[in-house]
Visitor: 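I'd like to ask some things about the structure below.
Given the structure is predicted, the values throughout are model-derived calculations rather than measurements. Per chain, numbering begins at 1; letters A, B, ... match sequence-line order.
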Amino acid sequence: MSTKVVERKPLSAWERSYIPSFLGGLGVTWNHFKRTAPFLGNKPITMEYPEQKWVVPEGYRGAPYLVKDQEGATKCVSCQLCEFVCPPKAIRITPPGENGQPADRANAEKMPREFEINMLRCIFCGLCQEVCPEEAIFLQKDYSLTGTSREEMVYNKEKLLKLGGTHAGIQKWKHKLEEAEAQESFPVATEPQKHSH
Amino acid sequence: MPELTDILFYAFAGLTLLCGFLCVANPFSRNPVTSAMFLVLTIISMAGLYVLLHAFFLAAIQVLVYAGAVMVLFLFVIMLLDIREEERRKLNGAAVGVGAIAVGTLAGILTRALWHAEPLAKVATSEGATRPLGKILFTQYLLPFEVLSILLLVAMVGVILLSRKELK
Amino acid sequence: MDFFQNLDPAVQFFIFSAVKIGVVFGVTMSFVAYSVLVERKVSAWIQDRVGPNRTSPPIAQFIPILGPFLTRLGIFQPMADGLKFLLKEDFTPNYVRLAYFWLAPAIAVIPAFLTLAVIPFGSTLGNPDNKMVIADLDVGILYTFGIVSLGVYGIVLAGYAANSKYPFLGGIRSTAQMISYEIAMGMSVVSVFLLVGDLNLSKVIEYQAHGGWLVFKQPLAFFIFLVAAFAETNRLPFDLPESESELVGGYHTEYSSMKFALFFLGEYANMIASSAMMVTLFFGGWTLPFLGEPASGLLGGLLHIGIFVAKMAAFMILFIWVRWMFPRFRYDQLMDLGWRRFIPLALANILVTALVVAFVNR
Amino acid sequence: MSAPVTPPATAATQAAPPPPETVTVKVNGKTVQVPKTMPNWQGKPEATTMLQAARCAGVDIPHYCYHDKLPVAGNCRMCLVEFGTPMIGPDRKPVLNEDGSPKIARSVLPYEPGTPRGAIACATPISPGMEIYADSPATKQMREAVLESLLINHPLDCPICDQAGECKLQEYSVQHGQAESRFVEAKVHKPKAVDLGPRIILDDERCVLCTRCIRFTKDIVNDDALGIVNRGSYNTISAFPGKTFDNNYTLNTVDLCPVGALTSKDFRFKMRVWFLKETASVCTTCGTGCNTTIGSREGVVHRLEPRANDAVNGPWMCDTGRLNYKWIARADRLKEVRVGGRKSTWSTALREITAKLSTAPAGSVAIVASARQTNEELFLLKRLATKLGAITDSIAREGEPDRLLVSGDRNPNSTGARLTGVSFTEAGIQLPKIAAGIASGTIRSLIVFGEDVTQHGIDASLLAKLDMLVVSDILPNATTEAATHLLPGAAAPEKRGTFVNVKGRLQKFHKAVEAPGDARPEIEFLQELADAVAGPTGTSTIEGLFNRMTADIPAFGGVQWSAVGDTGVTLSL
């Protein structure tokens, strides 16, 4: 693409006197003043935030929270993909470890011992939601996160699950378990696996 | 009991001398900015003395021209050049000698002038001395006034000439 | 009253002056506080916003009917601002030049108040001897210029003391800017005094009471004075010493808390002083075209003071409004305007006025 | 037509007799000369396979069941490739193309000549003129089909699988697989989380039945514990009834397992592998000096894995060594410098020790070093001892050897201690002399590094007689309790250095994590101490010190640090 040379005309004496720009500025500022100043009978045209709350549009990307499945169980299986993908490194997952607590729902074996999101670091980019293979984390509509200390802004698993609520979706692990249990006639004599639910 | 004007005179005079001394020989700081600031104080104290002499015009001009403009430019130059050698410089014998001669001569002239001066009461300084001052300047002292103007003009031309790079 | 009349005239003068000083100082301070509020409100309206409308003492909202209205008006905002300035941490960075660091804010604020001493803010109050001016100096205008010229030290020293490059650059800029515009400003009023024939500001008002406002006789002088006043008070479009887009915060970058507040105070006090000067020199001070005689009674005196304050407030609003009308000047444009346009114009104006005075008004 | 490529010089080809008989084959159109025979899993020469030939050409053929160090089984079918051989005419002479090059006949199904017939590259020997088409459309199609078949019953539970990130099934699915499964019936569900042995968990659903684990335990460890039971889709790996899979090499099957079927109980659900920082190190559990890779994240060691080094451990290591890392993170690690039992600083402690040692009369100092220390540290201690005229020794640590890797000498650097002159032909023979010296009062100061001397003949009552007892250690013991100057040291993963194993292999190891608290690698404060007492060495780096040491001590043969690669060099002792 060739460069387009924009000709810059020299200012005329009238323009150089600053008077036209002064009058222009006066006009612009007066028009705004006239339509905003309350004593000229105007109503505020901005939103009065704490009293009026913004209607969050569909698809808005707010704070990421963990969701539960229909039975109130943790969906997250501690695969740590979100921790890996998180650009500002806001997510920190403590895996259960070898003797960790088993998952609170059938068949998944694994759930995070601790799941922390530092909301001061989070940039609401949504990569965690994008990468999650379990549909366990979603960007929800919260945009006004406040706290009085840094520690308070690090949301732990409990808080995230509470804020996240329930998300209806396919229950992958439950489905697998049902399928396995349907196959009663598995021919192995070894001790069948107990599922504690 | 001394009059209020007397007390003020001694206060201003003392302040003038003290600040003048601190300007040239400050034992606590060799910072050129500090010297400049004391010079400003000297000038303002002298303006106070002029006020006591009812020379309001002179006082105002003193503050306006010297404290308000000349010294600010001094400060400007000091800060821009960031003069630090001054803090280390030793006394220069020749400079002290020449300085002493200059100060002595000036002191002689002033003493002589004071000696031959008419008593203060006889110099009638009317209220609002601006108009008489202007009249005197443009009649009696017209020549010195104009010569001074030309001197300033010459100085200005000189500065412009020196600061033009291509002329060297 | 009799007790007062019976006092020694010197003591009377002393007490009367002290009261005037106190009242002028108090009024100016509250004027500063509320001009900040007005600035915020007007700016907000110009930008389609609401402006401060929240701050109030906890009890204010319980006042019946009036309470919520008062709260929404934001009139308690200046108190909150002041309190905040007092309570914030006064932070002194390392490696500042401590003495000047402390001195600079004080120097910045004092000249603005000293200037007000010679402004006749009313005619008389009660008795014809009670002139509504703190110091009726014969060289009033020169005094003003002398004091104003000292104001630059506050900014220069602040820039120097902070020992940091942005304040330093701000200080240097402001030095050059203020000296340049002082010349234009001073030359513009010379023509005024050529007409009036006296430097006493009371005489200037007297002249205008009979001969019409000087703004009509000297529009060019007024224009130059007005623009120079913007430059002298470091207001937009001439706020180059603290232009945040290039100098962070200029000379007060390193200041916080009350020291910063003093600079702030100084700026608004300077605006008030400039407005007062403009009202006095060009807009007839306390007079109105049909109201030129010094007041004989208490009521008339108060009316004159009111007229003065109203005119001054109009100028304050002009100061605030202009802030949103112009983008900031470039530094070379600023200098060009000062030296190559205003000074020659002012000189020409003096010449023309002198010729008129010499040959026409004789 | 590219120029013939010579195979990369591996240890195996070096061992082969000089001019090796070569065969010319083409891999993906590139002509390569490959040796006619190559070492098999036992190192014996055997006809070169297509997989090995492809490797020589720099082409990687995907595989699950094949492993360099295991017998070939050929059951996963992943390495199927299309190939061709020179066509032989009815006259038993090669058929030529018009340009004179031999005509190649692609292998096809005999009964359906249009359909390509693949061969498993891992078990098919090459023949002269053979052409291997490792990325032809037919090969790709075969791979897709094999992967689809392997994934039919796979649970796809990567989110909870420890293997995710280093799983061949994942990798090959991405590289060679199809995007979607066409299998719509219910999957066969096999047992999950089966306790296969004390250190191993088996997830049968993830298994691709490559039998690497079975072959390893049978042919390498000689512990025939595993096998496949059931038929068809129900094939399952299992320990034989009455046998437990609990030999000292079980965890190698976790490394061997290309998928997530066998996982380590120790590493189970501990950390995702992609977070681990890998540092090349050497195992310190015995004198063999198996090469290891330390997996650590943010200063915490999560696992050790063997690092292949044919001169030392091959690709294996024992379970004992592999799990010998947990004490690094123990809470009672020595973390602070203590002088006279009080918390102090490094500068104070070193100043006091230097002052004391500088004025110590000759023979009044003894040094007990540890054969767990690096050569560089021992070298500095020896310098100190020479200056002070001190008696030195280290402490022997013996155990039962096994026939595979574990050495009877349980110190990682006994050879190094001998070479640097800290200990003598037999470690520990000077200890009674030191004990006697302390008892008689001729020895007034004792410096102990990394050993509990109260267990070796110098008991607490003797230690109490000393003027100064400088102890550097990692974990608290009776000697550290008695120390007048306690200097917290660093574990091997927290420092750098070299060891010499029992066979004279000089090996480097690197730092994976930081030492806790005030603890510092011994080399740092030893350097300060030795420089202050015995005069400067003129170098401040481990590299410089190493080069100085190899120049000073003839047995090291002047090896430069830069010449010691990550697999070490063998010294001629």
Visitor: Taking NZ, NE, NH1 and NH2 as the nitrogens, is one of them in A:K89 or D:E298 under 4.0 Å from a carboxylate oxygen of the other?
Guide: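 Between D:E298 and A:K89 there is no salt bridge, as every charged N stays at least 4.0 Å from the carboxylate O atoms.
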
Visitor: Which bit of D:D204 comes within less than 4.5 Å of chain A, counting heavy atoms only: side chain, backbone, both or neither?
Guide: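 Looking at D:D204, nothing touches chain A.
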
Visitor: Quick one: which of D:K270, D:H302, D:R272, D:R268 has the most heavy-atom pairs under 4.5 Å with chain A, could you say?
Guide: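 Ranked by heavy-atom pairs under 4.5 Å with chain A, first place is D:R272.
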
Visitor: Counting only non-hydrogen atoms closer than 4.5 Å, does D:D203 touch chain A with its backbone (N, CA, C, O), its side chain (CB onward), both, or neither?
Guide: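 The side chain, not the backbone.
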
Visitor: More than 12 foreign heavy atoms under 6.0 Å from CD of D:E180: is that the case here?
Guide: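 No, not enclosed.
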
Visitor: In this structure, are over 12 heavy atoms from other groups packed under 6.0 Å from D:K243 atom NZ?
Guide: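 Yes, the 6.0 Å shell around NZ holds more than 12 heavy atoms from other groups.
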
Visitor: Is any side-chain heavy atom of A:L81 less than 4.5 Å from a side-chain heavy atom of D:W274?
Guide: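 Heavy-atom side-chain distance check passes, below 4.5 Å.
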
Visitor: Should we count CD of A:E51 as having more than 12 external heavy atoms under 6.0 Å?
Guide: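 More than 12 heavy atoms, drawn from other residues, nucleotides or ligands, come within 6.0 Å of this atom.
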
Visitor: What part of D:P241 lies closer than 4.5 angstrom to a heavy atom of chain A: side chain, backbone, both or neither?
Guide: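 The answer is neither part of D:P241.
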
Visitor: Counting only heavy atoms not in D:E144 (residues, nucleotides, ligands), do more than 12 fall under 6.0 Å from its CD?
Guide: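 Enclosed: over 12 neighbouring heavy atoms sit under 6.0 Å from CD of D:E144.
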
Visitor: Distance check, rounded to the nearest 0.5 Å: A:E179 atom CD versus D:K187 atom NZ?
Guide: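 If we round to the nearest 0.5 Å, A:E179:CD and D:K187:NZ are 8.0 Å apart.
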
Visitor: Looking only at heavy atoms, which of residues 114-151 of chain A get nearer than 4.5 Å to chain D?
Guide: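 So the qualifying residues are A:P133, A:E134.
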
Visitor: Do the charged groups of D:E205 and A:K176 touch, with an N to O distance under 4.0 Å?
Guide: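 A:K176 and D:E205: not salt-bridged.
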
Visitor: Mind listing the closest non-hydrogen atom pair of D:F269 and A:K110 along with its distance?
Guide: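 Minimum heavy-atom contact is CD2-CD, 3.4 Å.
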
Visitor: More than 12 heavy atoms of other residues, nucleotides or ligands under 6.0 Å from NZ of D:K265: yes or no?
Guide: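 More than 12 within 6.0 Å, yes.
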
Visitor: Answer yes or no: is there a side-chain heavy-atom contact under 4.5 Å between A:K172 and D:P159?
Guide: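 Side-chain contact under 4.5 Å: yes.
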
